Structure formats: C-alpha cells, structure tokens
Amino acid sequence: MSLLTKLKQFRNFASRAWALSAPYFGSDEKWKARGLLAAIIALNLGAVYMLVLLNEWNRVFYDALQNKNAEVFWQQLGRFTGLAFGYILIAVYRFYLTQLLEIRWSAWMTTHVMARWLGHKAFYRLELMRFTHENASLPDNPDQRIQEDLGMFTASAVGLSMGLLNAAVTLASFVGILWGLSGSFGFAFNGSDWNIPGFMVWMALIYALVGSVLTHYIGRPLIKLNFEQQKREADFRHHLVRVREYSEAIALDRGEPVEQRQLGGHFSAVLQNTLALIKAQKRLTWFTVGFGQAAVVFPFVVAAPRFFSGAIQLGELMQIASAFGRVQDALSWFVDNYDALARWRATTDRLTGFEDSLRSANGQGLLGASGDDELRLDQLTLSLPNGQRLLQGEGLALRPGDSVLLQGASGSGKSSLFRTLAGIWPYAQGRIALPAGFEQDAMFLPQRPYFPTGRLRDALAYPAAAERYSDAELQQALRDALLPQLAPRLDDEDAWGQKLSGGEQQRLAVARALLKKPRWLFADEATSALDAAAELEIYGKLRALMREQGGALVSIAHRPSVAAFHERQWTVEASGRLTG
C-alpha cells in the first residue's frame with residue numbers, strides 16, 4: 001500500500017472521528033463541555049509546568065548531595081514537598097474533571113444515538129436491511145454500539161487527546177532545556193571536524209522515531225483483531241440472549257445439544273480471536289517494554305563521557321537524564337499508546353459504520369395525509385428484502401365503518417402490507433394516502449405481541465403511561481378481553497411475555513385495544529392462539545368497538561369463523577395482485 005493511500009485513509013478516518021466527536025461540543029451542553037475541556041487542558045499545562053520545576057529541582061538537589069551541602073539538601077527537601085503537593089492536587093482534579101467530561105459526553109452521545117436508533121423505526125429497518133445482499137456488511141449488534149462502544153469511544157478520545165496534548169506541551173517545554181544542557185558533540189570524519197549542537201535532542205528524536213516505526217509494524221495487526229474481538233463477543237452475547245428469550249421453545253424441542261454446539265462455536269470464535277490478540281499484544285509488549293527499559297539508561301550512556309571528563313556535575317547529569325526522559329516520553333507517545341490507539345480505531349470504525357447505517361435507514365416516504373377520512377392505496381408495490389416482488393395493489397380504499405378480511409396464501413405479503421401501513425416496511429414503492437390523525441388513531445395487533453417487563457398495568461397500557469388510565473378502566477379492559485384473573489394483579493411485576501401463555505398474551509394485546517379505543521384497527525392473526533369460542537367472543541367485542549368509534553377493522557385470519565365479522569374481503573392472488 002502506497003504512502004499516499006495510507007495518508008488518504010488516515011485523513012478519511014480523522015474526518016469521520018471528528019464527525020463523531022464535534023456534535024457534543026456544539027450541543028445544548030456545549031458551554032459545560034467546553035468549560036470542562038478548557039479546565040482539563042489548563043490542568044495538563046499546569047502538570048507539565050510542575051515537571052519543569054521538578055527537573056530544575058533535580059539539578060540543585062543532586063548537586064547538594066555531591067557537594068555534601070546539608071543546608072541546601074534540607075532546603076530542597078522542603079521545596080520538593082511543596083512541588084509534590086501541587087502536582088498531586090493538579091493530578092487529582094485532572095483525573096476528576098476528565099472522568100466528569102467522559103461521563104457527560106458518553107451520556108449525551110448515548111441519548112442522542114438511542115433517539116436516532118429508535119426514531120423513524122430505524123431499529124426495525126436496520127434488522128431488515130442486514131438481510132439484503134447489498135447491505136450484508138451493515139454493522140450488527142446495535143446494543144453493543146450503544147452500551148459499550150460509545151463509552152469506550154469517549155473515554156479513549158479524551159484520554160488519548162489529552163495525552164497527545166500533554167506530550168506536545170512536554171516536548172515544547174523540555175526540548176529547550178535538553179538542548180541547552182546537552183552541549184555539542186564533536187568528531188572528525190574524512191579529514192574534517194564536525195560539530196553537532198543539541199546532541200541529546202537529536203538522539204532522543206532518532207530513538208523515538210525508530211521506536212515508533214517499529215511499533216507500528218509490530219502492532220499493526222491489533223487494529224483488525226480488536227475490531228473482530230468486539231464483534232465476536234457481541235455475537236456470543238446475542239446468542240445467549242436468544243436462548244433466554246426462547247427458552248421454552250428450546251426446552252420443548254429438546255434443543256439443548258444444538259444450542260450447546262452453537263454457543264460453543266461462538267465462544268470458540270471469541271477464544272480463538274482472543275488468543276490471536278494476546279499473541280499480537282505479547283509481540284508488541286516485548287518491544288515496548290524493552291524500548292522503555294533501554295530509555296532509562298540511554299541518556300546516562302550518552303552523557304557519561306562528559307560527566308567522567310568533569311565537564312558536568314552529578315546534578316547536571318541527573319537533570320539531563322530527567323529532561324531526556326521527558327523529551328523521549330513525549331516523542332514516544334505513539335509507541336506507548338499504540339495498543340490504546342488500535343482499540344480506539346476499532347471502536348471508531350464500528351461507530352462510524354453504525355452512524356452510516358442509521359442514515360441509510362430513513363423512511364421510504366410512501367405515507368402521506370389525504371383530505372378525506374379514508375385510507376387509499378395508490379399503485380402500491382411491495383417487495384422482499386432480496387428484491388423479489390410480493391404484491392401490487394391500487395385503487396383500494398378503507399373508510400370508517402368498513403370491516404375487511406385480508407386473505408391470501410402464506411408468504412404472499414399480507415403481513416408486509418400491514419407493516420407498510422404502519423410505516424416500517426422500507427421495500428415498498430407507490431403511495432398510501434392516510435386519513436388525518438391516522439398515526440394516533442391506528443393500532444396494529446401482531447400475532448406475537450410485545451410486553452415490557454414490569455408492572456402489569458404498564459404492560460397493558462404500553463406504550464402509553466399507565467397513569468393515563470384509572471384502575472377501573474384497566475380492570476374492565478382485562479375482563480372484556482377474557483382475562484378476569486389478571487384484574488386484581490395490576491401492580492404485580494413480572495416478565496409477562498414469558499409468564500403468560502400464547503393465548504393469554506393475545507388476549508392481553510386485545511385488552512390494550514379495548515382500553516385505547518383506536519379508530520383504525522389492524523389485526524394480524526391476533527387471535528390464532530385462542531379457542532374458537534374465545535375467538536368469536538373477542539371478535540364480537542372488537543367489531544362492536546369499531547362501530548362505537550366509527551372506525552374500520554382489517555384482519556388477517558385463516559379461520560372461516562372470523563369471516564363472519566367482516567363485510568368486505570381483500571385478496572392477494574397467486575400473481576401477487578391485491579384485489580378487493
């Protein structure tokens with residue numbers, strides 16, 4: 001790979017990392033964020049200044065030791081106490097404010113990204129888009145992006161940027177000191193005398209440059225390995241969660257051996273990459289630790305001839321060693337932080353990929369308000385994620401008072417039509433004209449409803465606040481949905497999606513509809529788990545609700561008994577044409 005290509009890649013990465021970082025410092029919290037950042041920068045500068053004072057203290061203190069000057073020795077110990085206390089104070093508040101900035105930044109980014117992920121049904125569309133061929137590389141495991149990667153990104157961004165600033169200021173502060181202390185180095189070559197001023201500065205620069213280049217080539221595999229590690233760990237956790245969610249079905253099918261093999265496979269992948277990561281880190285550690293240890297004695301080796309010749313005293317030698325160490329540490333920032341940079345690079349790549357996927361998950365723009373109190377399909381075409389056409393329909397309308405049974409073979413696109421009407425199916429073309437207030441007045445009952453873990457009243461009122469309804473209204477809805485046994489349990493907390501049977505879950509979803517009284521109700525096999533008698537009673541109440549609200553009911557159902565509650569029929573023909 002050419003140097004120009006690498007520079008372009010770095011520039012692209014830097015711009016994407018900046019695009020992730022900048023919004024917080026221009027947000028509604030910008031003054032707090034900028035104030036904290038300014039305070040942290042000031043404390044870093046103060047810490048470097050304290051190091052400069054300690055470097056000067058080194059010279060005076062060790063000269064006092066060499067000269068056996070007890071008065072200066074004790075005086076310098078007292079001075080050291082004051083310098084040490086000042087440095088400790090700066091270090092404590094630098095740590096505290098840095099952590100505070102990281103937490104505030106991470107909290108803001110988490111809230112911001114969660115809002116984008118949940119907004120406009122992006123969380124649902126992303127899952128669909130991952131199954132298309134052209135989007136097969138879309139980032140997975142958004143839970144890890146939000147819960148883990150955002151915190152890692154902000155912590156690393158603050159830590160690395162402040163470390164780089166500290167290194168730059170330290171270099172600027174100590175390079176002049178080292179230049180003045182190191183003197184010049186003279187030698188004869190090819191009959192001429194050569195003199196190199198600031199010899200120790202050049203030695204520190206060469207030492208750090210060689211170390212940085214070698215570190216990059218030794219540690220380069222860490223970037224890809226860290227990226228892969230986060231992905232494999234997230235896949236393993238995701239499969240563990242799926243086993244927990246589908247525990248009953250797996251237990252009934254006696255699928256434990258299969259799940260054991262699959263979980264073992266995911267865990268083996270994690271271990272395999274972990275071992276590769278450890279080996280790569282071991283190779284890098286061999287070099288960085290050796291590099292750091294050599295740096296301890298390197299300045300003494302270089303400055304020793306001047307000391308033994310009497311050109312400098314012990315205090316100046318110690319000051320040279322201290323200044324060289326500071327300059328070398330600053331120049332070797334890349335060496336010391338390569339592993340952290342690799343992890344941050346992997347995290348940033350995952351987050352920027354997630355940001356790209358969120359931008360691509362915008363709504364399809366099919367839904368629009370109409371002037372009439374009706375729902376119309378205008379040249380609508382639905383497709384599967386792979387591009388295969390599902391159904392086509394035009395000229396169909398749904399008006400208040402209508403009751404429509406949607407029929408067709410399994411897989412013909414009936415549920416996808418409901419998803420399109422709800423605004424969550426992105427693989428659609430055409431236009432749907434909606435009546436005013438449709439989003440607030442419409443309700444969709446899926447075959448497998450969702451219930452949050454917690455109080456029963458919250459599960460019943462979801463997604464509205466339970467406080468919106470009185471206990472009497474909640475209990476009446478449960479009784480009307482044939483769940484009288486749950487009426488006294490409104491404040492019981494449980495995992496209702498797992499606690500209740502399939503039929504009870506469907507009746508609880510119906511209780512929601514009876515509680516909220518929508519005008520437009522779409523039921524997708526919403527009573528398939530009920531016995532025939534319960535289904536007839538439930539549909540009778542839903543039909544009565546629609547008459548009371550002056551609304552319309554559309555159902556997907558295969559039982560002939562349900563047809564009696566519908567006056568019209570829409571049919572998806574074998575050709576995919578929707579008629580009615």
Side-chain angles (χ1 to χ4, degrees), residues 120-132 245-246 249 361 363-364 366-367 375-377 380-394 396 398 402-432 434 438-439 442-451 463 497 502-503 505-510 512-513 518 520-530 535 538-539 542 546 552-560 562-563 565-566 568-580:
H120 305 292
K121 311 294 190 296
F123 65 96
Y124 174 77
R125 293 195 181 100
L126 284 177
E127 292 303 308
L128 288 175
M129 291 166 63
R130 286 187 57 233
F131 293 101
T132 64
E245 289 180 345
Y246 294 92
Q364 71 273 31
L366 291 179
L367 307 179
L375 183 152
R376 293 196 310 273
L377 308 182
L380 180 66
T381 301
L382 304 186
S383 304
L384 290 172
N386 61 10
Q388 179 183 346
R389 193 184 72 183
L390 269 177
L391 63 81
Q392 286 181 309
E394 60 177 302
L396 296 177
L398 183 68
D402 285 348
S403 55
V404 177
L405 181 64
L406 179 57
Q407 291 193 316
S410 297
S412 60
K414 303 184 298 297
S415 296
S416 296
L417 176 60
F418 275 18
R419 298 184 187 111
T420 305
L421 295 175
I424 66 174
W425 187 254
Y427 308 105
Q429 294 178 329
R431 183 167 177 80
I432 300 174
L434 301 177
F438 179 81
E439 186 173 349
M443 187 170 180
F444 293 81
L445 296 181
Q447 184 175 8
R448 186 184 175 191
Y450 166 75
F451 303 102
Q505 290 183 45
Q506 289 188 341
R507 278 179 281 167
L508 187 56
V510 169
R512 277 182 187 166
W520 309 88
L521 184 61
F522 300 84
D524 184 358
E525 297 284 357
T527 58
S528 59
L530 302 184
E535 184 176 54
I538 288 293
Y539 254 100
L542 291 177
M546 290 299 98
L553 171 67
V554 182
S555 299
I556 298 173
H558 293 96
R559 290 180 181 173
V562 176
F565 295 93
H566 301 81
R568 296 174 52 198
Q569 183 171 306
W570 289 355
T571 303
V572 182
E573 299 175 347
S575 62
R577 184 166 176 264
L578 178 64
T579 62

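As the structure is a prediction and not an experimental result, all values here were calculated from the model. What you see below is based on every heavy atom in this structure, not just the backbone, and it leaves out hydrogens, waters and symmetry mates.
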- Note on the structure: Here the pair of heavy atoms bringing Ala523 nearest to Ala526 is CB-CB, 3.8 Å
- Task: Write down the atom of Ala428, the atom of Leu380, and the distance for their closest heavy-atom approach.
- Result: CB-CD1, 4.5 Å
- List in chain and number order the residues that pass side-chain contact (heavy atoms from CB on, under 4.5 Å) with Gln392, two or more places apart in sequence or in another chain; answer none if no residue qualifies. Thr381, Arg389
- Query: Got Trp520 and Val554 here, is their nearest side-chain heavy-atom distance under 4.5 Å?
  - Reply: no
- Gln407 and Thr571 side chains, donor-acceptor separation under 3.5 Å: no
- Query: Do Ser383 and Gln388 get their side chains close enough for a donor-acceptor pair, meaning under 3.5 Å?
  - Reply: no
- Evaluate the side-chain proximity of Leu445 to Met443: yes if any heavy-atom separation is below 4.5 Å, no if none is. yes
- Item | Mutual orientation of the aromatic rings belonging to Phe418 and Phe522 [parallel < 30°, tilted 30-60°, perpendicular > 60°] | perpendicular
- Query: How long is the span from the CG atom in Leu421 to the CG atom in Leu434, to the nearest 0.5 Å?
  - Reply: 7.5 Å
- Report yes or no: does Gln506 contribute a side-chain atom to a donor-acceptor pair with the main-chain N or O of Arg448 at less than 3.5 Å? no
- Message: Whether the side chain of Glu535 engages the backbone of Leu530 through a donor-acceptor N/O pair (distance < 3.5 Å, no angle test) should be reported.
- Response: no
- Query: Quick one: side-chain contact (heavy atoms from CB on, under 4.5 Å) partners of Asp402, sequence neighbours excluded?
  - Reply: Leu398, Arg399, Val404, Ala552, Arg568
- Message: Working to the nearest 0.5 angstrom, can you tell me the gap between His566 NE2 and Ser555 OG?
- Response: 3.0 Å
- Message: What's the separation between atom OG in Ser415 and atom CZ in Phe444, rounded to the nearest 0.5 Å?
- Response: 11.5 Å
- Task: Decide if atom CD of Gln569 counts as having more than 12 heavy atoms of other residues, nucleotides or ligands within a radius under 6.0 Å.
- Result: yes
- Closest non-hydrogen atoms of Gln447 and Ser528, given as atom of the first, atom of the second and distance, are NE2-OG, 3.2 Å
- Message: Ignoring hydrogens, what is the shortest heavy-atom contact between Ala513 and Pro518? Give both atom names and the distance.
- Response: O-CD, 3.3 Å
- Message: Quick check: do Glu573 and Thr579 have side-chain heavy atoms less than 4.5 Å from each other?
- Response: yes
- Query: Is the shortest heavy-atom distance from the side chain of Phe565 to the side chain of Leu405 under 4.5 Å?
  - Reply: no
- Item | Test item: Lys414 side-chain N/O and Ala409 main-chain N/O as donor-acceptor pair under 3.5 Å | yes
- How would you list, by chain and number, every residue that makes a side-chain contact (heavy atoms from CB on, under 4.5 Å) with Ser416, sequence neighbours excluded? Leu382, Leu390, Arg419, Trp425
- Message: Counting only heavy atoms from other residues, nucleotides and ligands, does the tally under 6.0 Å from CZ of Arg559 exceed 12?
- Response: yes
- Item | Separation between CG of Leu396 and CG of Leu578, rounded to the nearest 0.5 Å | 5.0 Å
- Message: Is there a side-chain contact between Arg512 and Phe451 in this structure, where contact means two heavy atoms from C-beta onward sitting under 4.5 Å apart?
- Response: yes
- Message: Using a 3.5 Å distance criterion without hydrogens, assess whether the side chain of Glu394 forms a donor-acceptor pair with backbone atoms of Leu377.
- Response: no
- How long is the span from the CD1 atom in Ile556 to the CG atom in Asp524, to the nearest 0.5 Å? 4.0 Å
